[in-house]
Engineer: 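Sharing a structure below in structure tokens format, with a few things to ask.
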Amino acid sequence: MTDNGAPTPADDHTESHDQPVPEAWSNFMREGWDDREVEVPEHPITPWAAARRERLAGIFPGERLVVPAGTYKVRANDTDYRFRADTAHVHLTGNQTSDAVVVIEPDGSSVLYARPRSGRDTDEFFRDRQYGALWAGARPSARELSDSLGIEVRHVDQLASALSGNTPTRVLRGVSADVDKLVSPTEGGRDEEFARALSELRLIKDEWELGELQEACDITVRGFTDAVREWDQVLEHGERWIEGTFFRRARAEGNDLGYDSIVGGGSHATTLHWIDNNGPIVPGELVLLDMGVEGHNLYTADITRTLPISGKFTPLQRNLYELVYNAQQAGIEAIRPGVTFRAGHFAAMEILAHGLDDLGLLPVSVDEALSEDNKTYSRWTLHGVSHMLGLDVHDCASASKEAYVEGPLQEGMVLTVEPGLYFQKEDKLVPEELRGIGIRIEDDIVVTKDGAVNLSKGLPRTADDVEAWMGQYL
């Protein structure tokens with residue numbers, strides 16, 4: 001307890017099974033520590049983040065803008081998930097520490113309210129399971145954060161006072177319950193408008209972001225290669241081995257996975273978001289791998305390949321694979337500035353619908369199936385071809401339809417192109433030999449001045465190239 005009877009931070013983050021701390025031990029623990037701050041170089045995101053905050057302030061002049069990082073989330077009982085800061089907060093600051101809040105004031109100035117490491121004059125550093133240095137690792141000091149991120153840093157304890165008063169304030173809600181309580185919700189959907197603006201701020205990637213995405217793609221390519229290199233173990237241990245092998249690369253070279261890996265062997269490939277990854281890998285079948293590395297600055301790749309488990313496609317598998325490949329190629333070629341976001345989707349679906357018609361599957365003509373009031377071809381394609389990509393694997397999700405799905409593509413946007421065909425094993429409307437086959441091919445595409453560039457081109461795509469690549473290791 002503090003001198004005034006209030007609980008110390010350690011009282012909030014200890015457990016029933018922790019041993020008692022007598023006064024002698026507590027006093028002894030506070031002595032004899034070298035607790036110096038270190039020199040921290042400026043983070044490369046600093047000028048880019050400052051420009052983003054300036055742009056955001058210009059959208060809402062004369063208002064205070066509040067964007068929290070969030071806090072820990074419970075995994076089970078007294079164990080938390082590894083912390084990952086909120087996307088909008090990272091985009092505006094580069095900060096990845098928990099419990100921080102960036103506040104942009106009406107005059108355009110910014111302050112990061114953060115929880116720096118505790119001093120050695122309380123029990124927190126050796127008792128607190130969430131924030132204590134001896135339990136969770138040393139947090140940066142306020143000065144170290146400021147030097148790194150190029151922003152004024154104050155202790156988060158000062159946040160409530162800073163947000164008091166009558167200044168018009170918008171909050172990114174749903175990230176921090178504590179921050180949500182400090183400011184009454186705005187009327188007329190103004191906080192929702194703020195969330196949209198934060199998403200739309202990320203629609204066009206700057207030069208630094210494109211470099212981060214390229215790095216994430218490059219690491220992801222190496223992760224795919226790791227899995228194929230260990231194919232003998234894959235055949236023995238199944239989907240789990242691929243998942244674990246890829247995760248090792250993600251943690252070794254990046255921050256984490258961008259999303260739970262999808263490793264679908266055989267009919268599991270027809271489940272779009274199969275993440276159980278507990279099935280066998282059977283020679284003669286296909287395996288769908290949808291995996292992406294999140295880099296150290298939290299930008300993620302999102303790549304899918306469908307591989308022949310025996311190293312060679314059967315004639316039927318090759319025909320289906322090449323149909324999906326041709327659809328993807330048409331989708332990529334449709335991408336350029338000025339076309340609608342869904343241009344790639346429509347181009348890919350044109351190819352797939354004709355292919356399904358050639359297989360004798362469509363109940364109506366191709367033209368009728370492709371019409372927006374019919375879309376019966378979608379029984380075997382299921383999803384759209386693209387989504388934005390960036391700090392989130394499905395980035396800019398709160399952007400308005402006019403700016404995103406119904407808007408034009410612009411130079412600097414990054415999106416996936418990922419057509420697929422999925423024939424469920426229970427589908428009586430397809431020939432038996434097709435049932436249980438799922439194929440998706442996905443790449444990460446940046447819109448350029450003259451068209452598009454494939455950030456994930458380092459991973460083979462054509463049927464011939466996939467077979468040759470796998471042949472190096474099998």
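Just so you know, these numbers come straight off a predicted model, no measurement behind them.
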Engineer: Salt bridge between Asp256 and Arg84, side-chain N to carboxylate O under 4.0 Å?
Structural biologist: no
Engineer: With side chain to side chain donor-acceptor pair (under 3.5 Å) as the criterion, how do Asp450 and Thr448 come out once you've worked through the C-alpha distance, each side chain's angles and the decisive distance to 0.1 Å?
Structural biologist: CA-CA 5 Å; Asp450 301 317; Thr448 65; 5.7 Å; no
Engineer: Do Arg129 and Asp18 come close enough that some side-chain heavy atom pair is under 4.5 Å?
Structural biologist: yes
Engineer: Show the nearest heavy-atom pair for residues Asp191 and Arg170, with the distance to one decimal.
Structural biologist: OD1-CA, 3.4 Å
Engineer: Could you tell me whether the side chain of Arg139 and the main chain of Ser98 form a donor-acceptor pair under 3.5 Å?
Structural biologist: yes
Engineer: Is it the case that more than 12 heavy atoms not belonging to Glu42 sit under 6.0 Å from its CD atom?
Structural biologist: yes
Engineer: Check the pair Leu421 / Thr381 against side chain to side chain contact (heavy atoms under 4.5 Å, CB included), numbers first and verdict last.
Structural biologist: CA-CA 5 Å; Leu421 283 177; Thr381 63; 4.0 Å; yes
Engineer: Main chain of Ser148, side chain of His43: is a donor-acceptor contact present, judged purely on distance under 3.5 Å?
Structural biologist: no
Engineer: Are any of the side-chain heavy atoms of Leu389 and Val393 separated by less than 4.5 Å?
Structural biologist: yes
Engineer: Which heavy atom in Leu257 sits nearest to a heavy atom in Ala250, and how many Å separate them?
Structural biologist: CD2-CB, 3.9 Å
Engineer: Is there a donor-acceptor pair closer than 3.5 Å between any side-chain N or O of Thr416 and the backbone N or O of His387?
Structural biologist: yes
Engineer: Run the salt bridge (Lys or Arg N to Asp or Glu O under 4.0 Å) test against Arg222 and tell me which residues pass, sequence neighbours left out.
Structural biologist: Glu253
Engineer: Within the structure provided, determine whether Val183 and Arg64 are in side-chain contact (heavy-atom separation under 4.5 Å).
Structural biologist: no
Engineer: When rounded to the nearest 0.5 angstrom, what distance separates CD in Glu294 from CZ in Arg251?
Structural biologist: 10.0 Å
Engineer: Which heavy atom of Thr220 sits nearest a heavy atom of Met291, and at what distance?
Structural biologist: CG2-O, 3.5 Å
Engineer: Going through the checks in order, is the side chain to side chain contact (heavy atoms under 4.5 Å, CB included) test met by Val179 and Leu159?
Structural biologist: CA-CA 9 Å; Val179 173; Leu159 179 65; 4.1 Å; yes
Engineer: Regarding Thr304 and Glu418, do their side chains bring together a donor and an acceptor under 3.5 Å, going by distance alone?
Structural biologist: no
Engineer: Let me know which of Arg196, Glu200, Glu193 forms a side-chain hydrogen bond (donor to acceptor under 3.5 Å, both in side chains) with Ser400.
Structural biologist: Glu200
Engineer: I'd like to check Pro116 versus Val153 (side-chain heavy atoms, cut-off strictly below 4.5 Å). Are they in contact?
Structural biologist: no
Engineer: Grab the two heavy atoms, one from Ala216 and one from Thr300, that are nearest each other, plus how far apart they are.
Structural biologist: CB-C, 4.1 Å
Engineer: Between His89 and Val67, is there a donor-acceptor pair closer than 3.5 Å when you use the side chain of the first and the backbone of the second?
Structural biologist: yes
Engineer: Under 3.5 Å, is there a donor-acceptor pair linking the side chains of Asp123 and Ser26?
Structural biologist: yes
Engineer: Taking all non-hydrogen atoms of both residues into account, name the closest pair between Leu455 and Gln214 and its distance.
Structural biologist: O-NE2, 2.9 Å
Engineer: Is Arg305 paired with Asp443 through a side-chain N to carboxylate O contact shorter than 4.0 Å?
Structural biologist: yes
Engineer: List in chain and number order the residues that pass ring pair (Phe, Tyr, Trp, His ring centres under 6.0 Å) with Phe125, two or more places apart in sequence or in another chain; answer none if no residue qualifies.
Structural biologist: Trp33
Engineer: Passes side chain to side chain donor-acceptor pair (under 3.5 Å), Ser176 versus Asp178? Steps please.
Structural biologist: CA-CA 5 Å; Ser176 169; Asp178 290 339; 5.1 Å; no
Engineer: Would you call Phe126 and Val21 a side-chain contact if the rule is heavy atoms closer than 4.5 Å?
Structural biologist: yes
Engineer: So Ile439 and Tyr325, side chain to side chain contact (heavy atoms under 4.5 Å, CB included) or not? Walk me through it.
Structural biologist: CA-CA 10 Å; Ile439 298 172; Tyr325 172 84; over 6 Å; no
Engineer: Ignoring hydrogens and angles, tell me if any N or O in the side chain of Tyr377 forms a donor-acceptor pair with the backbone of Leu370 under 3.5 Å.
Structural biologist: no
Engineer: Does Val263 offer a backbone N or O that forms a donor-acceptor pair with the side chain of Asn277 under 3.5 Å?
Structural biologist: yes
Engineer: Taking the side chain as every heavy atom from C-beta outward, state whether Gln328 and Arg461 have any atom pair closer than 4.5 Å.
Structural biologist: yes
Engineer: Which distance, rounded to the nearest 0.5 Å, do you find between the CZ of Arg190 and the CD of Glu192?
Structural biologist: 10.5 Å
Engineer: As an exercise, state the distance from CG of Asp128 to OG1 of Thr122, rounded to the nearest 0.5 Å.
Structural biologist: 8.5 Å
Engineer: For the backbone of Glu212 and the side chain of Glu215, can you confirm whether one donor and one acceptor N or O come within less than 3.5 Å of each other?
Structural biologist: no
Engineer: Go through the steps for Trp48 and Glu207 under the test side chain to side chain contact (heavy atoms under 4.5 Å, CB included), then give the verdict.
Structural biologist: CA-CA 9 Å; Trp48 302 100; Glu207 179 183 350; 3.9 Å; yes
Engineer: With rounding to the nearest 0.5 angstrom, report the CG to CZ distance, Leu409 to Arg336.
Structural biologist: 9.5 Å
Engineer: Test your reading of the model: is there a side-chain donor-acceptor pair from Asp276 to the backbone of Asn278, 3.5 Å cut-off?
Structural biologist: no
Engineer: How long is the span from the CG atom in Asp395 to the NE2 atom in His91, to the nearest 0.5 Å?
Structural biologist: 8.0 Å
Engineer: Measure the CZ-CD1 distance between Arg53 and Ile151 for me, rounded to the nearest 0.5 Å.
Structural biologist: 4.0 Å
Engineer: Check this for me: Glu31, atom CD, are more than 12 non-hydrogen atoms of other residues, nucleotides or ligands nearer than 6.0 Å?
Structural biologist: yes
Engineer: Does NZ or CZ of Arg115 lie under 6.0 Å from the centre of the six-membered ring of Tyr131, at an angle within 45° of the ring axis?
Structural biologist: yes
Engineer: Please test Thr87 against Asp392 for side chain to side chain donor-acceptor pair (under 3.5 Å), starting from the C-alpha separation and ending with a verdict.
Structural biologist: CA-CA 7 Å; Thr87 290; Asp392 287 341; 2.4 Å; yes
Engineer: Any side-chain donor paired with an acceptor under 3.5 Å for Tyr113 and Arg154?
Structural biologist: yes
Engineer: Measure the acute angle between the ring planes of Trp274 and His268, then classify it against the limits of 30° and 60° as parallel, tilted or perpendicular.
Structural biologist: parallel
Engineer: Can you find a heavy atom in the side chain of Arg440 that is under 4.5 Å from one in the side chain of Val324?
Structural biologist: no
Engineer: For the backbone of Met388 and the side chain of Tyr404, can you confirm whether one donor and one acceptor N or O come within less than 3.5 Å of each other?
Structural biologist: yes
Engineer: Does any part of the side chain of Phe247, heavy atoms only, come nearer than 4.5 Å to the side chain of Ser261, both counted from C-beta?
Structural biologist: no
Engineer: Is a donor on one side and an acceptor on the other found under 3.5 Å between the side chain of Asp80 and the backbone of Gln130?
Structural biologist: no
Engineer: Would you call the rings of Phe423 and Trp380 parallel, tilted or perpendicular, taking 30° and 60° as the class edges?
Structural biologist: tilted
Engineer: Not counting sequence neighbours, which residues clear ring pair (Phe, Tyr, Trp, His ring centres under 6.0 Å) with Tyr422? List them please.
Structural biologist: His383
Engineer: List the atom of Gly174, the atom of Asp180, and the distance in Å for their closest heavy-atom pair.
Structural biologist: N-OD2, 3.1 Å
